[in-house]
Protein chains: 2
Amino acid sequence: MVKKGKKREESSDLEIESLLEAYKTFLSERQLKFTEQRKVIITEFVKSGGHLSAEDLFRIVKKKASNVGLASVYRTINSLVDAGLAEERHFLDKTSVYEIHKPGDHHDHLICLKCKKIFEFENEAIEDQQKKVAEGLGFALKKHKLELYGWCQRSNCPNY
Amino acid sequence: MVKKGKKREESSDLEIESLLEAYKTFLSERQLKFTEQRKVIITEFVKSGGHLSAEDLFRIVKKKASNVGLASVYRTINSLVDAGLAEERHFLDKTSVYEIHKPGDHHDHLICLKCKKIFEFENEAIEDQQKKVAEGLGFALKKHKLELYGWCQRSNCPNY
DNA sequence: TTTGGTGCAAACAATTTGCACTATA
DNA sequence: TATAGTGCAAATTGTTTGCACCAAA
């Protein structure tokens, strides 16, 4: 238990650190500035595990640094997306949610229609097949978006 | 040439007719009314082939019936979605586009990042694999959304 | 000390809603 | 003729932007 908790924390810390490093590099390469606000926003974003809206992230950030404005949350996330370090997603709702994007890593999503929990997965066979379909239609495949919706079987999933 | 054009027209007419029938049934079952506006909106929607936003559909409809308001376009489309006869989609943009949903029919999309053209396809192998993934994670799969993005090779696709 | 970032409020864009009126059932 | 639908304008929601001030580089 303690071990698991500790492990999680450490890996989250590492994740934050490496993301911040990558972001700082991106910024300095184009004479942009790394600010205290950006640090808090990104840190809380990573800690949360992602998949949250700008508004939700804003609420979390405000608790840590009450002076941060919603506009800065939007600006920081957009900047992260520009840097290729985050991705915008639209699941069930119209509002955008964001997730960290580690270069090289890519995954798809499984969303529970009852509890709204979002799971991630990777599947080689599906990707191969997608490539075949695209090629068959004369398409040079650049990216894809696959979302599976269903009912999960977690014991605490409400029958909503 | 003539034959092809005629065929298309006929099938579009049939499509409109059967969609309107299904919609009328839906409406009368719950004491809702089938109005002249709804008829024009849905007819133009089908004729257009779908994949357009409320605003775009509104522009088309206004040419046929200048009295129709944007709100009615939204209300009609939403009502069609409620009836299960249309589906909302979000591709590259934030604005919703809609498409006709024929019960039983389902397909995925291939979108050209250069010319924005939307192609539809179906692939059994991908669907099978999706089912396996979901089952493997203890999910009862209800629906899915797959979008492939790439570059098409149509001669008239602009290098945008 | 230059210039990009910030918070705030105003602006925007997409969509929904309240209301007096109209048309379908 | 009762009630759902309509057009219009106002309201809402999510997101972006202009501006005077602040803080990284």
Side-chain angles (χ1 to χ4, degrees), chain A residues 20-21 23-45 51-59 61-83 86-98, chain B residues 20-21 23-45 51-59 61-83 86-98:
Chain A
L20 289 180
E21 264 343 288
Y23 186 49
K24 281 182 192 169
T25 302
F26 169 85
L27 293 176
S28 67
E29 272 169 356
R30 48 211 86 200
Q31 273 119 266
L32 302 177
K33 290 165 181 171
F34 181 73
T35 65
E36 206 47 48
Q37 286 90 331
R38 288 182 171 175
K39 184 178 170 184
V40 183
I41 292 166
I42 294 171
T43 301
E44 293 308 312
F45 178 44
H51 296 144
L52 31 64
S53 66
E55 200 84 47
D56 288 342
L57 180 53
F58 174 57
R59 267 189 285 275
V61 166
K62 254 204 319 205
K63 286 180 196 160
K64 297 275 172 172
S66 58
N67 57 312
V68 176
L70 175 57
S72 287
V73 173
Y74 274 106
R75 285 189 277 230
T76 298
I77 292 177
N78 286 339
S79 166
L80 262 190
V81 171
D82 289 345
E87 281 195 338
E88 189 178 351
R89 289 284 187 167
H90 296 265
F91 296 121
L92 291 163
D93 317 287
K94 42 236 66 206
T95 61
S96 309
V97 296
Y98 301 87
Chain B
L20 289 180
E21 262 346 284
Y23 186 49
K24 281 181 191 167
T25 304
F26 168 85
L27 292 175
S28 68
E29 271 169 358
R30 46 212 86 199
Q31 273 118 267
L32 302 178
K33 291 165 182 170
F34 182 73
T35 64
E36 205 48 47
Q37 286 91 329
R38 288 182 172 176
K39 185 178 170 185
V40 183
I41 292 165
I42 294 171
T43 300
E44 294 308 312
F45 178 43
H51 297 143
L52 31 65
S53 66
E55 200 83 45
D56 288 343
L57 180 53
F58 174 57
R59 267 189 286 274
V61 166
K62 251 202 322 204
K63 288 179 194 160
K64 298 274 171 174
S66 58
N67 57 314
V68 176
L70 175 57
S72 288
V73 173
Y74 274 107
R75 284 187 278 229
T76 298
I77 291 177
N78 287 338
S79 167
L80 262 190
V81 171
D82 290 345
E87 281 195 338
E88 189 180 350
R89 288 285 189 167
H90 295 266
F91 296 122
L92 290 164
D93 318 286
K94 41 236 67 211
T95 61
S96 309
V97 297
Y98 301 86

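Chain naming here is simple, since letters A, B, ... match the order of the sequence lines and numbering starts at 1 in each.
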According to a strict under-4.0 Å criterion, is [X] in side-chain N/O contact with OP1 or OP2 of [N]?
| X | N | value |
| --- | --- | --- |
| B:N67 | D:dT6 | no |
| B:S96 | C:dT15 | yes |
| A:N78 | D:dT15 | no |
| A:Y74 | D:dT16 | no |

Whole angstrom is fine here: how far is it from [atom1] in [X] over to [atom2] in [N]?
| X | N | atom1 | atom2 | value |
| --- | --- | --- | --- | --- |
| A:I77 | C:dG5 | CD1 | P | 16 Å |
| A:D82 | C:dG4 | CG | C1' | 15 Å |
| A:F34 | C:dT6 | CZ | P | 10 Å |
| B:E88 | C:dT15 | CD | C1' | 10 Å |
| B:I41 | D:dG5 | CD1 | P | 12 Å |
| A:D56 | D:dT13 | CG | P | 15 Å |
| B:L27 | D:dT3 | CG | C1' | 14 Å |
| B:H90 | D:dG14 | NE2 | P | 13 Å |

Closest approach to the side chain of [X], judged atom by atom: which nucleotide of [options] is it?
| X | options | result |
| --- | --- | --- |
| B:K33 | C:dG7, C:dT15, D:dA2 | D:dA2 |
| A:R38 | D:dT15, C:dG5, C:dT15 | C:dG5 |
| A:T95 | D:dA23, D:dG14, C:dT6 | D:dG14 |
| B:S72 | D:dA25, D:dT6, C:dG7 | D:dT6 |

- Taking A:S79 for the side chain and A:R75 for the main chain, is one N or O donor matched with an acceptor at less than 3.5 Å? no
- Is the side chain of B:S28 donor-acceptor paired with the backbone N or O of B:T25 at a distance under 3.5 Å, no angle test? yes
- Mapping B:E55 and A:Q37 onto DNA chain C by nearest heavy atom, which one lands closer to the 5' end? A:Q37
Check every strand shown and say whether [X] touches a base, only sugar-phosphate, or nothing at a heavy-atom separation below 4.0 Å.
| X | value |
| --- | --- |
| B:S53 | nothing |
| A:Q31 | sugar-phosphate |
| A:E36 | nothing |

- Residue B:K24 excluded, over 12 heavy atoms near NZ under 6.0 Å: yes
- Residue whose closest nucleotide on DNA chain D lies nearer the 5' end, A:R75 versus B:A71: B:A71
- In terms of the angle between their ring planes, are B:F34 and B:Y23 parallel, tilted or perpendicular, with boundaries placed at 30° and 60°? perpendicular
- Nearest-0.5 Å distance, CG of residue A:L27 to CZ of residue A:R38: 5.5 Å
- Task: Please examine the side chains of B:Y98 and B:L57, heavy atoms only from C-beta on, and report whether any two atoms are closer than 4.5 Å.
- Result: no
